[in-house]
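Note that the structure is a prediction, hence the values are computed from the model and not measured. In what follows, chains carry the letters A, B, and so on, assigned in the order in which the sequence lines appear, proteins first and then strands, with residues in each chain numbered from 1.
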Amino acid sequence: MIELKNIHKHFKTNHVLKGINLEVNKGDVLVIIGPSGSGKTTLLRCINYLERPDEGQISVDGFSVQGKHPSKHDILTLRRKTAMVFQHYNLFKNKTVLENVMEGLVVAKKMTKSEAKEISLALLEKVGLAEKVNDYPSQLSGGQQQRVGIARALALNPSVILFDEPTSALDPEMVGEVLAIIKQIASEGITMVIVTHEIDFARDAANRVVFMDDGVIVEQGHPQEVLVQPKHERLKQFLKRLVREPEYLI
Amino acid sequence: MIELKNIHKHFKTNHVLKGINLEVNKGDVLVIIGPSGSGKTTLLRCINYLERPDEGQISVDGFSVQGKHPSKHDILTLRRKTAMVFQHYNLFKNKTVLENVMEGLVVAKKMTKSEAKEISLALLEKVGLAEKVNDYPSQLSGGQQQRVGIARALALNPSVILFDEPTSALDPEMVGEVLAIIKQIASEGITMVIVTHEIDFARDAANRVVFMDDGVIVEQGHPQEVLVQPKHERLKQFLKRLVREPEYLI
Amino acid sequence: MSIIDFEFAWRHFPEVLKGVPVTLLIAVISMILGIIFGLIIALCRIYKVPIVNRIVVVYVSFIRGVPMIVLLFVLFYGIPALFDLINKQLGWSLDADQISPVIYAMIAYTLNTAAYQSEIFRASINATHSGQMEAAYSVGMTTAQALRRIILPQALVLSLPNLGNTFIGLIKATSLAFAVKVIEIMGTAKIIANDGYKYLEMYLVAAVIYWMLCFVFEVLFAQLERKMRRYEARMDEGQSA
Amino acid sequence: MMSSSFSDWLDLLMRVLNKLPLTLLMLGVSLFFSLIIGVIVAIVRVQKRPISYAIATFYLSFMRCTPLLVQLFLVYFGLPQLLLLVNIDINGWDRFVFVVIAFSLYTGAYLSEVIRSAYLAVGKDQLEAAYSVGMSYSQALLRIILPQAFLVALPDLGNNIIELLKDTSLAFTIGIIDIMGQVRIILGNNYGIGMFEIYFTISLVYWGTCIVIENMIGLLEKGLKKGRVSIAD
Amino acid sequence: TSSEKDGKKVVKVALSDEVNPPFLYTDENNNPIGYDMDYMKEIEKKLPEYKFEYLFGEEEANLVGVDTGKYTFAINWFFKNPERQKKFLFPEQEFGYSLTSLVTKKDRNDVKTLDDMVGKKFPPMAPSGGLRTILNSYNAQHPDHPLTLETIEHASNADNLKRVAEGKADAIFLNVTTFNEMQKQMKLNLKVSGIVSKEPIWVVFNKNETELAQKIDKATAELIGDGTLSKLSEKWFDVDFFKDLDYINQEGFKFE
Ligand SMILES: Nc1ncnc2c1ncn2[C@@H]1O[C@H](COP(=O)(O)OP(=O)(O)OP(=O)(O)O)[C@@H](O)[C@H]1O
Ligand SMILES: Nc1ncnc2c1ncn2[C@@H]1O[C@H](COP(=O)(O)OP(=O)(O)OP(=O)(O)O)[C@@H](O)[C@H]1O
Ligand SMILES: [Mg+2]
Ligand SMILES: [Mg+2]
C-alpha cells in the first residue's frame, strides 16, 4: 500500500532523513517510535509531500511520485489518497468543529452538505465531542482539539491515514477510545502509519513497529519482537524507562 | 505554598471550574489528572492569572490575589512567583532557542546577559538541546520545542512551576530525563503542579495526585492510594485502560 | 471671534452634499476592483509566479511611486492623445470627449488602489499560519481551494483594519479627481467658496461631510471585523496586565 | 537641439532634486512621530479601557475621516489662535514645525490601524508566554509582541510611508517649497507650458525615492523573517 | 497680529505660490519677483515704521490665513465684489489692472465680447481666480442666457490654448499679458479677438487691519500720482495700464 524508496531529506545542512526504505501493506497498522528529533514527523510529512524529499520515491496505493519537484497534479492525487492527523492539530481556525470535519468531505470529496454533516456528526460523537460541534478551535481544550483532528482525518475515509502523535493530549480513557476506533478502521482495510511516544499504545495498536533514530530505521518487526525483545543496543536503552518497579504495576 | 479557595470560572455559559479548593505545600509535586476537557489547563492558568477566575482567592508563597479584577501590580507579583510550561509550548517565535530561555532572566529577573546565558546553556544541555541553541522554534521538532519550554520555566527558578502536559511530545527516554530533573528541583524545595495524562509519569513524579472531573476535584491523595486503590467509581473507570494483559508486561 | 460665517456654511451644505454620489461611485467601484486585482497581485508575489512576479513588482512600485495626480493626468491627457493617434492611423473616429471624466478617475483610482491593496493582502496572507495551509492540503484541497476556503478568510480578517484605512483614504483621495474635471465634494466646495472667498467655511463643510461619510464606513468596518474575528482567541480582551 | 533640450531637462531635474532633502526631512521626522503615535493609539484601542479607548477612537476617526488639507489649516491657522487665548504665541514658529505636527497626527492615525491589525495577528499565546516568564505588559510589548507585529506590518507600513511621502507635497499649500512645490512654481513661471516633461520629472523623483523605500522595507522583511514559515513554502 | 521686530510692526504678506507672471513669479532661487513685488518695495519705502515679511502659500490657504489673522494681507490679482467685501477688507485704491481678453483662432471674427460666447465652448477653467469671477458674475447678471463653463481644479493655460487652437473650444478667456507671454513661446495660430475689460486688482486685508489699509491706500495713491506705478507697469507689461482702454489698445499691444 505504501512504499518508500531511499528517502533523503535535508534542512539546510541538517541531514534529517538518511535513505529511508519502508513498505507497508494494506490494512497494516505501522507504528513508528524513536527519540525526539529523530525524523519521525518529517518522514510522515514526506509521505503526503507536505515536506518535499530531496531524493527518493514514494508510492501510495499504486501511485508513485518521485523527487523534489513532481507535478502539482501528482501531489494532489497523492494527498487525496492520504489523510493526516498533525502533531499540533492544525485545525482550521476560522471553522467550527463540525465545519472542520466537513470541509474535506465537501470540498475534496464533493459530497453534499447533508451527507457530509451526517458522517461528521457520527464521528464527532464517537470521539466524545457531540457537545462541541459548534465551537471554534480556540474554545477547545488541547485534548478536544486533538480529537477534532482525528475525526477530520477519519471522516475522509482515505486509503492511508497518517497519525502524528494522535494521543499525546489525550487522557487514558480517551486513548482507549481512539485505540478502539483505530482497530476498527484497520479491520476495514485502511492502512495506518502512526508516530507515537506511548509504547503501551504502540503495543496495543500496531501489527508492525519501526524504531527510528537519527534519520535511519534501526529496527522493525512485530511489536512483540521490537518492544519486548529488542536487538539493538540503542533500542534497548530507549525502552529502559519502561521497566519499572513491580510495586507500581497494577 | 499554593492555596486555592473556591475558584469558579465560566466561559460564557460553560461552567468550567466549579469551586476548586486546593492546598499545595512547599516542595510538593502535585500531579493533576483527569479526562480531557475537565478543566485542568484552566485551573493551572488561573493560578498565574492567565485566566481570571470569576470568583475565589489564590495565594502563592504567602501572596494572595482575589476576584476578577486585581491590580496590575498584584498580577505581576503573582506571576513573578511562578513559571509555566504550556500545553502548546508557546515559544517566542522571534527568538532563538537560547534567547527564549534567557529572555525571562534578563527582563524579569534583571540578570546580566552573560549570567543568563550561562544558566540557560546549562539547562538546554540538560534537556539535550545543546546543538539547537541558535535555531528558531519553527525549525524544531515537537519534542524539541517542548523541551525548550521546560528549560525556559526551569531557568527562572521561581517558587512555583506549573507544568501543563510537559511530556506529551517526549519519547520515553526523554520523559525519564525530565522526571529526573523534576525530582531534583523538587528536592531543592521548588513547588510543582503538573497536569499530565501519563499515569506512569504521575506515579513516578508525584507525592500527591488530584483527580479532576467536570470542573471539580473528585479525589486526591498519595499516588499509591489514588492510582492504585481508587475510591470513586469515576476514577476507577478512568484508570481502567491501564490494566492490561499480562503478556505485554515487561 | 466670528470669523466663520456659519449661516453661509449651513446654506451651502446641501449643495456640497450633491458631490457625495460621485465620490462614492468612484471610491466603491475602485475599491472593489482594487480588491480583486490586489489579491491577484499579492498571490503572484507570494507564489513568485515566474515573469508575472517581476511585472507586478514593477507595477506596484511604479503605481505607488507616481503621484496620483500624475496618474490622473496621464490618463486624462494621454487617452485623448492616443485616440487622436489611432484615429489618424486607422481612420477610426474614437472621441475621447465622449468619455466621462468619472471613467478616467475610476480607472486611475483602481490602478492606484490595487497596488496598495496588493501589499495589504501580501502582509495578511503571510501572517496566516503555514499549518493552516498544510491542514487544507492534508484533507485533499487544491491550493486554490485552500486559499479560498481557509487562508483568505483568515487573511481578510487580518487585513480589515488596513482595508478600512485604504477605503477611507480612497474616499478622500477622490478629491484629486477635481483635477480632471470630476466635480465631487471638495470641488463643489471650492467652487462655492470662490465667490465670497469663503474658503474657511467651505473647507469645514467639506470636512464635515467627509467625516460623516467616512464615519459610516468606519463603523461598518469595525462591525465587520468584530463579526469575522469571532473565532479567534482575542488578544484584546481582558489582557491588560 | 536634442542636447540643449536634454540639458534643459537636466537643469529642471536638478532644481527638483535640490528640494529632495527637504521632502525627505519632512518624511523622516513625521514618520518618527507618527510611529510613536500609531503604537500608542493602537495599544490604547487594543486594551479597550473605556475612557482612553473613546478618546483614541475619536482621534482616529477625526484624523482619518477629514481631509489632510483641512487638518493642516487647523494646525497652522487654528492652533496658534487657540493658544493665543491662553497667551501662548506660537505664530513665530517655523512653518516646518506646523507641517510636521499635522503630518504626524494624520499619519499616526493610519499607522495605528496598521499596528493594531499586526498586533492582533501575533497571537495571544505569545503574550501569555511573556507573562509566564514574569514580564510586565510593557516588557512583553517591547520585546515579544511589537517585534513580531513589526514584521507582519512591514508591507502595510511601506504603503503608508509612501503615502506620507506623497502627502508631504501638501506642505506647499502653506508655502514650504518641497519637490512638488518646486514643480508647481516652475509650471507657474512657464504658464503651464511643458507640463508633461515636468510631471514626468517629478514622477521620476518620487518613483526613485519610492524604490529606495521599498528596498529598505524589503531588506528589513528579509532580515526579520528568520524563523517564520510562509504558506507558500 | 501685533508682533514687533526691531521696534517695527511686523506685517505678514501672503504671496500666492501659484505664480502668475509677470505680476508675481520667482527667480531661479525661488525669490519672489514681478510687478507686485516692485510695488511692495515702493510701499516699504513709504512706510518705514513697518517690517514686511513675505510668505508663500497657496492662494486659497492664503485667504484662510488672512481671514484667521495669521497673515496681515495677501497680494495677488484679487478682484473685488460685494460678497468678498463682507469677509475681507479691500482698500480704496487698486494697485494695478488685469486686462482680460478673449482669444480665438486667427481666422475667426465671430467672438468679440462675452455675449458672443453664449452657446459656445470655453476650455475648462479653475473654480477660483479673478477670471472665473468675471465669468461667474456675467452668468449671475444674465441668468437667461448664461455662459457654459466647465470646471477643473488647476487649469493649464498652455493646454487650454492648444484646445482653442485645435478647435476643441471656441475661445479662451485670458489675461492679455499672460497670453502675450505664452504666445512668444508657443506660437500658436491664435489672436486676441477682443479686450473684455480692464479689471482693477487689489490686495486683500484682514478685517481688523483698517489702519494699515488706510496707510497703504494713501501710499498707493501717491505712487500712482507721481507716476511710479506707471513706470513699473511699463517695465513689466510694456504698457501703462493706468491709462484708459482705448489708449492701451492703440499703444500697448500689437497683436499678431
Ligand atoms: N477560551 C475558551 N473559551 C471557551 N471555552 C473554553 C476555553 N478554553 C477552554 N474552554 C472549555 O473549558 C473546558 C475545560 O478546558 P481545559 O482546557 O481546562 O481542559 P483540560 O482539562 O486541560 O483538557 P485537556 O486534557 O484536553 O487539555 C473545555 O470544555 C473547553 O471546551
Ligand atoms: N522546518 C525545519 N527547519 C529546520 N530544521 C527542521 C525543521 N523541521 C524539523 N527540523 C529538524 O529536523 C529534525 C527532525 O525533526 P522531526 O520533527 O522530524 O522530529 P521528530 O522525530 O518528529 O521529533 P518529535 O518526537 O520531537 O516530534 C529535528 O532535529 C529538527 O530540528
Ligand atoms: Mg514530531
Ligand atoms: Mg489542557
Side-chain angles (χ1 to χ4, degrees), chain C residues 1-9 11-12 15-16 19 22 68-70 72-73 76-78 80-81 83-84 87-88 95-98 100-101 104-105 174-204 206-207, chain E residues 57-70 74 76 78-90 121 123-137 139-140 149-156 158-160 162-163 166-169 202 204-208:
Chain C
M1 269 214 322
S2 77
I3 296 174
I4 300 173
D5 182 350
F6 287 107
E7 198 274 329
F8 181 86
R11 190 149 37 86
H12 289 89
E15 234 173 305
V16 183
V22 184
M68 188 64 209
I69 187 82
V70 173
L72 281 165
F73 280 158
F76 188 69
Y77 295 107
F83 279 14
D84 281 353
N87 289 347
K88 235 175 250 164
D95 184 2
D97 284 350
Q98 293 292 331
S100 154
Y104 291 120
T174 53
S175 67
L176 265 186
F178 192 25
V180 294
K181 288 204 308 199
V182 179
I183 303 192
E184 38 58 72
I185 298 172
M186 206 55 155
T188 318
K190 282 185 183 171
I191 291 173
I192 297 171
N194 181 49
D195 282 347
Y197 286 158
K198 307 222 163 166
Y199 287 101
L200 197 57
E201 286 79 0
M202 294 321 289
Y203 278 135
L204 288 180
Chain E
E58 211 166 55
E59 180 162 316
E60 288 142 24
N62 289 348
L63 288 168
V64 173
V66 172
D67 198 356
T68 58
K70 181 112 187 167
N76 194 13
F78 292 109
F79 291 1
K80 183 146 93 171
N81 74 13
E83 264 212 81
R84 289 174 188 167
Q85 277 172 290
K86 272 189 240 156
K87 196 161 182 66
F88 295 96
L89 177 64
F90 283 78
K121 192 168 179 194
M125 286 186 88
S128 53
L131 293 168
R132 180 59 185 252
T133 312
I134 294 172
L135 298 187
N136 284 352
S137 61
N139 279 352
L149 300 176
E150 271 190 292
T151 309
I152 192 165
E153 184 162 25
H154 295 290
S156 153
D159 186 64
N160 281 347
K162 275 189 217 145
R163 282 179 164 260
E166 286 164 10
K168 285 181 183 169
W202 315 83
V204 172
F205 286 94
N206 178 280
K207 268 278 185 199
N208 302 323

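Once rounded to the nearest 0.5 Å, the distance linking CG of E:Leu63 with OH of C:Tyr203 reads 9.5 Å. To the nearest 0.5 Å, atoms OG1 (E:Thr68) and CG (C:Leu200) are separated by 7.0 Å. Atom OH of C:Tyr199 sits about 11.0 Å away from atom CG of E:Asn62, to the nearest 0.5 Å.
A pairwise comparison of heavy atoms in E:Phe88 and C:Gly196 identifies CE1-O, 4.4 Å as the closest pair.
With a 4.5 Å cut-off on side-chain heavy atoms, C:Glu201 and E:Lys87 count as touching.
When heavy atoms are compared at a cutoff of 4.5 Å, E:Glu60 approaches chain C by way of both its backbone and its side chain. With a 4.5 Å cut-off on non-hydrogen atoms, C:Ile191 touches chain E through its backbone and its side chain both. Neither the backbone nor the side chain of E:Lys207 comes within less than 4.5 Å of any heavy atom of chain C. For C:Phe76, the part lying under 4.5 angstrom from a heavy atom of chain E is the side chain only.
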Checking E:Asp159 against C:Tyr77 for the side-chain contact (heavy atoms from CB on, under 4.5 Å) test, could you report, in this order, the C-alpha distance in whole Å, the side-chain angles of both residues, the deciding distance, and whether it holds?
CA-CA 9 Å; E:Asp159 186 64; C:Tyr77 295 107; 3.2 Å; yes
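Among E:Arg84, E:Glu83, E:Arg132, the residue with the largest count of heavy-atom pairs under 4.5 Å with chain C is E:Arg84.
Listed by chain and number, the residues in a salt bridge (Lys or Arg N to Asp or Glu O under 4.0 Å) with E:Lys80 amount to none (sequence neighbours excluded).
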